[in-house]
Amino acid sequence: MGWAIALHGGAGDIPKDLPPELREPREACLRYCLKMGIDALKAQKSPLDVVELVVRELENNPYFNAGRGSVLTSNGIVEMEACIMDGITKNCGAVSGLTTVVNAISLARLVMEKTPHIYLAFEGAEAFAREQGVETIDSSHFVTPRNIERLKQAKEANKVQVDYNTRPIPKDDKPPAPSGDSQLGTVGCVAVDSYGHLATATSTGGLVNKMVGRIGDTPIIGAGTYANKLCAVSATGQGEAIIRATVARDVAALMEYKGLSLKEAADYVIEESAPRGTTGLIAVSATGEVTMPFNTTGMFRACATEDGHSELAIW
């Protein structure tokens, strides 16, 4: 048994000829966040503190679809969502529909710790943020030129766009052309300490051109985010598919009820349950195992374990 950590920056159709200027900043951020998480675990920070710390940093990076980099809804604003969960207690907190909160994951934790509830959304969540004194900023802070262009493309094609749909969105009568300019992905982190305590956190801006009020898998316990005494899971990809497949909970359930290992359970969910081309996940077990399967073209991901294993990969 030993500590382990994994993090992701989104899964989807990531072209293998992704230009260096789009690939390298994301790899650098994952590398930095991985080291931050390792250092925190070595400093005896709780897994809950570790996953919040790492996801906050990922939210602050404009290259990922969370926090600063969140994509825009059909009316040109952000509606961010996040979820955090502690494996031992199953305490959890979730938020949706945020437009001014700088770090959605920290507000999710406050929902968990400061309210009798699990999930707050939209104006209620925004009011709670103001009440708690968390950092907020004018919603225009999240409206970047890159995201305006992606929304314009999506509207012209009358489509929504998921994480790492990296080719310009085609109209129905036009084939897709290679690109990579839309490299935005949901972020997440899972961690276990040397005592077997587990935690998970996920944060996202959702879909480009999503309907106002749409809620994805990220804040739904058991879909995009779940942790218990056996494992911690954070999923990424097409939210509707992940919700239908109850991806994160199914990994834990296969371990709990079928006695599968973490890798066996995660592989089954990705290969047999979640539709092809829709889903990736990261997971750690109470015994320090780590796995990062996906059925999409790629997934920005990184992990490390106490025994010295370390990995950073896309495809």
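Computed over heavy atoms, backbone and side chain alike; hydrogens, waters and symmetry mates excluded.
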J.: Can you confirm whether more than 12 heavy atoms, excluding those of Arg244, are under 6.0 Å from its CZ atom?
T.: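 For Arg244, atom CZ is not crowded (no more than 12 foreign heavy atoms under 6.0 Å).
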J.: Under 4.5 Å between side-chain heavy atoms, chaining through other members, with only Ile, Leu, Val, Met, Phe, Trp and Tyr counted: pull out the rest of the cluster around Met292, sorted by chain and number.
T.: Val190, Val192, Leu198, Ile282, Val284, Val290, Phe294, Met299
J.: Under a 3.5 Å distance rule, please check whether Asn147 uses its side chain to pair with a backbone N or O of Ser70 as donor and acceptor.
T.: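 It does hold such a pair.
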J.: With no hydrogens and no angle check, just 3.5 Å: does a side-chain donor-acceptor pair link Thr218 and Thr204?
T.: no
J.: State, without any angle test, whether Thr278 and Gln238 hold a side-chain donor-acceptor pair at a distance under 3.5 Å.
T.: no
J.: Less than 4.0 angstrom from a charged side-chain N to a carboxylate O is my criterion; do Glu306 and Lys42 meet it?
T.: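 So Glu306 does not pair with Lys42 through a salt bridge.
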J.: Measure from the side-chain N and O atoms of Trp315 to the backbone N and O of Ile14, and report whether any donor-acceptor pair falls under 3.5 Å.
T.: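 Here the side-chain-to-backbone pair exists.
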J.: If you count the non-hydrogen atoms of other residues, nucleotides and ligands that lie under 6.0 Å from CG in Asn75, is the total more than 12?
T.: yes
J.: Output yes when Arg26 and Glu21 qualify as a salt bridge under the 4.0 Å nitrogen-oxygen rule, no when they do not.
T.: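 Salt bridge: no.
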J.: Between Asp49 and Arg109, does any NZ, NE, NH1 or NH2 come within less than 4.0 Å of an OD or OE carboxylate oxygen?
T.: yes
J.: Between the side chains of Arg249 and Tyr226, does any donor sit under 3.5 Å from an acceptor?
T.: yes
J.: Give a yes-or-no answer on whether the side chains of Glu289 and Ser261 include a donor-acceptor pair shorter than 3.5 Å.
T.: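 The answer is no; no qualifying pair exists.
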J.: So, Ser234 versus His8: side-chain donor-acceptor pair below 3.5 Å or not?
T.: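 His8 and Ser234 do have a side-chain donor-acceptor pair below 3.5 Å.
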J.: Any sub-3.5 Å donor-acceptor pair from Glu81's side-chain atoms to Ala94's backbone N or O?
T.: no
J.: Check whether any side-chain heavy atom of Tyr268 sits under 4.5 Å from a side-chain heavy atom of Lys258, and report yes or no.
T.: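 They are not in side-chain contact.
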J.: Is Glu52 salt-bridged to Lys45, going by a charged N under 4.0 Å from an acidic O?
T.: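 Not counted as a salt bridge, because no side-chain N and carboxylate O are separated by less than 4.0 Å.
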J.: Determine, for Asp86 against Lys90, whether the closest basic-nitrogen to carboxylate-oxygen distance falls under 4.0 angstrom.
T.: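 Salt bridge flag = no for Lys90 with Asp86.
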J.: Could you tell me whether a side-chain N or O of Asn65 sits under 3.5 Å from a main-chain N or O of Val71, the two making a donor and an acceptor?
T.: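 A pair under 3.5 Å: yes.
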J.: Side chains of Glu59 and Ser203: is there a donor and an acceptor less than 3.5 Å apart?
T.: yes
J.: Between the side chains of Arg276 and Asn295, is a donor N or O closer than 3.5 angstrom to an acceptor N or O?
T.: no
J.: Do Cys33 and Val187 have side-chain heavy atoms sitting under 4.5 Å apart?
T.: no
J.: Determine whether Met211 and Thr73 make a side-chain contact, defined as any pair of heavy atoms from C-beta on separated by less than 4.5 Å.
T.: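 Not in contact.
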J.: Taking ILVMFWY side chains as joined if any heavy atoms are under 4.5 angstrom apart, and letting links pass through other members, which residues group with Tyr32?
T.: Met36, Leu53
J.: Give a yes or no on whether Lys155 atom NZ has more than 12 heavy-atom contacts from other residues, nucleotides or ligands under 6.0 Å away.
T.: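 Result for NZ/Lys155: enclosed.
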J.: Looking just at side-chain N and O atoms, do Glu126 and Thr100 make a donor-acceptor pair shorter than 3.5 Å?
T.: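 There is such a pair (donor and acceptor under 3.5 Å, judged by atom type) between the side chains of Glu126 and Thr100.
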J.: Report the hydrophobic cluster partners of Val134, with the cluster defined as I, L, V, M, F, W, Y residues connected by side-chain heavy atoms closer than 4.5 angstrom, directly or transitively.
T.: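 Direct or chained contacts put Val134 with Leu72, Val78, Met80, Val95, Leu98, Val101, Val102, Leu107, Leu110, Val111, Leu120, Phe128, Ile137, Phe142, Val143, Ile148, Leu151.
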J.: Apply salt bridge (Lys or Arg N to Asp or Glu O under 4.0 Å) to residues Lys114 and Glu131 and explain how you reach the verdict.
T.: CA-CA 11 Å; Lys114 303 292 186 180; Glu131 174 190 307; over 6 Å; no
J.: Do the charged groups of Arg31 and Glu27 touch, with an N to O distance under 4.0 Å?
T.: no
J.: Check the side chains of Tyr119 and Ser96 for a donor-acceptor pair under 3.5 angstrom, ignoring hydrogens and angles.
T.: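 Yes - a donor-acceptor pair under 3.5 Å links their side chains.
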J.: Does any non-hydrogen side-chain atom of Cys303 lie less than 4.5 Å from one of His309?
T.: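 His309 vs Cys303: side chains touch.
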J.: If we only count heavy atoms from C-beta on, is the Ile84 to Val51 side-chain gap below 4.5 Å?
T.: yes
J.: We want to know whether Ser106 and Arg56 form a side-chain donor-acceptor pair, criterion being a heavy-atom distance below 3.5 angstrom.
T.: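 On atom types as modelled, these side chains qualify, holding a pair under 3.5 Å.
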